[in-house]
Protein chains: 2
Amino acid sequence: MNERSARRLGRLTEALARGGTLRLSEAARLCGVSEMTIRRDLSAGDGGLTLIGGHLVRADDPRYAPLYDLATQQDRQAEAKQRLCEVAARHIEDGDTLFVDCGTTLMPLVSGLDQERSLTVVTYALNVANALSRLPGVRLVLLGGVYHPSSQTFASDDIVARLSRLGINKAFITAAGVHAKKGVSCFHFHEVAPKQAAIACATQRLLVADDSKAGIIRPAYFATLDDFDVVITGPESGLETTAGRPQIIVA
Amino acid sequence: MNERSARRLGRLTEALARGGTLRLSEAARLCGVSEMTIRRDLSAGDGGLTLIGGHLVRADDPRYAPLYDLATQQDRQAEAKQRLCEVAARHIEDGDTLFVDCGTTLMPLVSGLDQERSLTVVTYALNVANALSRLPGVRLVLLGGVYHPSSQTFASDDIVARLSRLGINKAFITAAGVHAKKGVSCFHFHEVAPKQAAIACATQRLLVADDSKAGIIRPAYFATLDDFDVVITGPESGLETTAGRPQIIVA
DNA sequence: CATTTGATGTTATTTTTCTAACAAAAACCT
DNA sequence: AGGTTTTTGTTAGAAAAATAACATCAAATG
């Protein structure tokens with residue numbers, strides 16, 4: 001990609017940073033180039049901006065991904081996540097201090113929060129923070145550090161210490177693999193410390209994982225199933241409520 | 001308006017209640033009627049839903065609100081900021097560790113960075129972090145804490161300690177007010193600590209402020225002009241290079 | 001039962017947006 | 001300078017969407 005092209009994209013991205021749309025014609029006028037050039041910039045770019053019916057809009061916000069493109073498969077997972085999150089949301093009470101884990105699983109949870117909901121939410125994920133930053137009722141605490149693009153999270157050596165200073169009420173944890181015997185795992189090792197710290201200091205621990213994670217093992221173990229008080233999952237997960245600790249909720 | 005029509009609209013409104021888009025064709029299939037009927041429903045409705053390029057969206061969705069104001073006034077300032085940032089960018093060398101301050105002034109700087117640029121960038125601003133998160137060559141460090149929507153920044157009591165542990169090479173600082181005699185100020189008190197810490201520990205300090213800030217005093221002072229090595233500003237600022245410390249660059 | 005009325009579907013037309021191809025201009029290199 | 005590549009603009013054609021007009025259907029009414 002071109003340097004000038006990148007600068008134009010940057011400018012447009014900035015213009016649209018807080019949402020809104022821009023007619024393609026406006027964008028072209030703004031940058032002093034033809035509409036065709038803007039089109040080319042967009043298709044060469046990283047997909048942060050997209051064109052929908054002649055209107056330039058942000059595409060990087062999962063909140064605005066198409067909901068019901070029933071044709072594709074991604075969306076069925078999205079719908080599953082939506083269902084799980086609706087159940088998870090019922091565990092949230094006003095005044096809670098929540099920990100919200102990384103990934104896309106919990107995005108419907110934070111995106112769906114009521115504007116006026118009075119909560120404190122702690123996270124180390126950039127996408128989660130972005131969604132929460134728009135809610136006036138939420139006090140957002142982001143655990144900073146070095147950014148890891150692979151999981152859109154921040155990692156730092158004192159994240160555990162900082163987390164333990166916060167009075168976390170409920171921890172919503174995600175996983176890439178959930179195995180009844182072997183335990184709960186994720187892809188990236190830098191996610192382990194925050195997850196474990198959140199599990200350690202939260203009063204109530206909730207695991208949210210859709211069917212596609214069931215029976216899977218990923219590189220980084222971070223907990224066993226009975227570290228959790230509640231597990232919210234889909235009907236095909238094969239997990240069942242036993243006498244033991246975790247209460248399995250099927251959504 | 002028709003009763004069935006109203007019911008369809010209600011159903012679609014519900015489907016889009018949490019944002020997202022719906023293809024007109026999907027909507028038609030969902031309601032079991034033709035696309036034309038959906039179109040008629042929409043134009044007869046209260047305007048809560050709207051059609052944009054074949055996609056059905058909520059009219060009050062902030063993402064799809066047209067940005068009317070861009071063409072007008074913001075534009076000239078944006079262009080000025082673009083100019084300042086082009087000058088500022090010339091001070092960046094590969095391998096640098098930068099501090100980038102909050103606000104919109106420096107957005108063109110980070111948005112315009114080359115994809116391959118090898119840098120470490122430290123910031124405490126969410127918008128800056130978002131722009132940088134897309135650049136593969138940039139190691140992004142976000143100083144976390146409690147989110148302040150007014151400035152899109154994070155604040156925490158140990159931000160100063162954490163900053164001083166980082167080897168900041170060049171600090172790009174912004175201001176809401178620059179006064180030759182009185183000093184440099186910003187709107188929010190929670191910005192003061194990070195700014196001062198960055199100024200304290202950086203090797204080179206650059207102030208970037210467009211003309212509209214010149215001669216202005218804002219609530220929170222955080223530095224004097226000669227705390228900076230370089231000041232990048234516009235032609236109308238009235239600032240001039242004197243014998244003293246700050247080198248004034250007019251862009 | 002025929003007729004009317006309103007809602008819906010279908011088709012055709014216009015407008016707009018998208019894509020591809022080529023031409024012009026600018027930047028780049030030797 | 002001369003030639004090459006890259007970037008941008010223009011044009012033309014294809015695709016999609018918006019609009020309008022007309023046809024069809026179903027319920028309601030006398």
Side-chain angles (χ1 to χ4, degrees), chain A residues 1-13 15-16 20-59 64 66-72, chain B residues 1-13 15-16 20-59 61 63-68 70-71 79 82 86 89-90 108 111-117:
Chain A
M1 183 169 60
N2 192 333
E3 186 197 344
R4 263 169 294 180
S5 167
R7 202 165 327 155
R8 282 192 298 265
L9 272 182
R11 192 163 163 186
L12 295 173
T13 305
L16 294 170
T21 71
L22 202 54
R23 291 300 311 252
L24 178 60
S25 52
E26 282 292 313
R29 215 179 47 72
L30 204 67
C31 297
V33 296
S34 72
E35 299 187 6
M36 194 64 223
T37 300
I38 301 288
R39 280 183 190 280
R40 280 194 270 246
D41 290 349
L42 290 172
S43 60
D46 62 354
L49 293 179
T50 187
L51 208 47
I52 168 175
H55 298 252
L56 205 47
V57 299
R58 283 181 57 178
Y64 299 109
L67 280 184
Y68 288 94
D69 254 351
L70 298 176
T72 71
Chain B
M1 185 169 59
N2 192 335
E3 187 200 342
R4 263 169 294 180
S5 168
R7 201 167 328 152
R8 282 192 298 265
L9 273 181
R11 192 162 161 190
L12 295 173
T13 306
L16 293 170
T21 70
L22 199 56
R23 293 294 315 248
L24 176 60
S25 53
E26 283 294 319
R29 219 176 46 72
L30 205 68
C31 298
V33 294
S34 72
E35 300 187 6
M36 193 66 224
T37 300
I38 301 289
R39 282 183 188 280
R40 281 193 269 246
D41 289 351
L42 290 173
S43 59
D46 61 354
L49 294 179
T50 186
L51 208 45
I52 169 174
H55 298 251
L56 205 48
V57 298
R58 286 178 50 185
D61 194 319
R63 183 160 98 132
Y64 297 106
L67 296 179
Y68 294 114
L70 263 185
E79 227 172 319
Q82 181 87 30
E86 277 171 30
R90 290 206 279 269
S111 306
L113 280 178
D114 202 322
Q115 291 271 332
E116 307 310 323
R117 207 70 191 265

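Just so it is clear: chains get the letters A, B, ... in the order the sequence lines come, proteins before strands, and each one is counted from 1. Note that this is a predicted model, so its numbers are computed, not measured.
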Any side-chain heavy atom of A:L24 sitting closer than 4.5 Å to one from A:L56? no
Counting side-chain heavy atoms from CB outward, which of D:dA18, C:dT17, C:dG9 is closest to B:V33? C:dG9
One pair to check against side-chain contact (heavy atoms from CB on, under 4.5 Å): B:L49 and B:L22. What are the steps and the verdict? CA-CA 11 Å; B:L49 294 179; B:L22 199 56; over 6 Å; no
Establish, with yes or no, whether the OP1 or OP2 oxygen of C:dG9 is under 4.0 angstrom from a side-chain nitrogen or oxygen of B:T37. yes
Tell me the interatomic distance from A:H55, atom NE2, to D:dA17, atom C1', rounded to whole angstroms. 12 Å
To the nearest angstrom, the CD-P distance between B:E26 and D:dA16 comes to 16 Å
Looking at every non-hydrogen atom in both residues, tell me the closest pair between B:I38 and B:A27 and how far apart they are. CD1-O, 4.0 Å
When A:R40 and A:R23 are each assigned the nearest nucleotide of DNA chain C, the 5'-most assignment goes to A:R23
Distance below 4.0 Å between A:R8 side-chain N/O and D:dT8 OP1 or OP2: yes
Whole-Å distance, B:E35 CD to C:dG9 P, equals 11 Å
Using whole Å, report how far CZ of A:R39 lies from C1' of D:dA15. 12 Å
Distance, rounded to the nearest Å, where A:M36 contributes CE and D:dG13 contributes P: 17 Å
With a 4.5 Å limit on heavy-atom distance, are the side chains of A:L42 and A:L9 in contact? yes
Could you state the atom-to-atom distance from CG of A:L24 to C1' of D:dG9 in whole Å? 14 Å
Using atom CG of A:L51 as one end and atom P of C:dT17 as the other, report the distance to the nearest whole Å. 9 Å
A:I52 atom CD1 is separated from C:dT17 atom P, nearest whole Å, by 13 Å
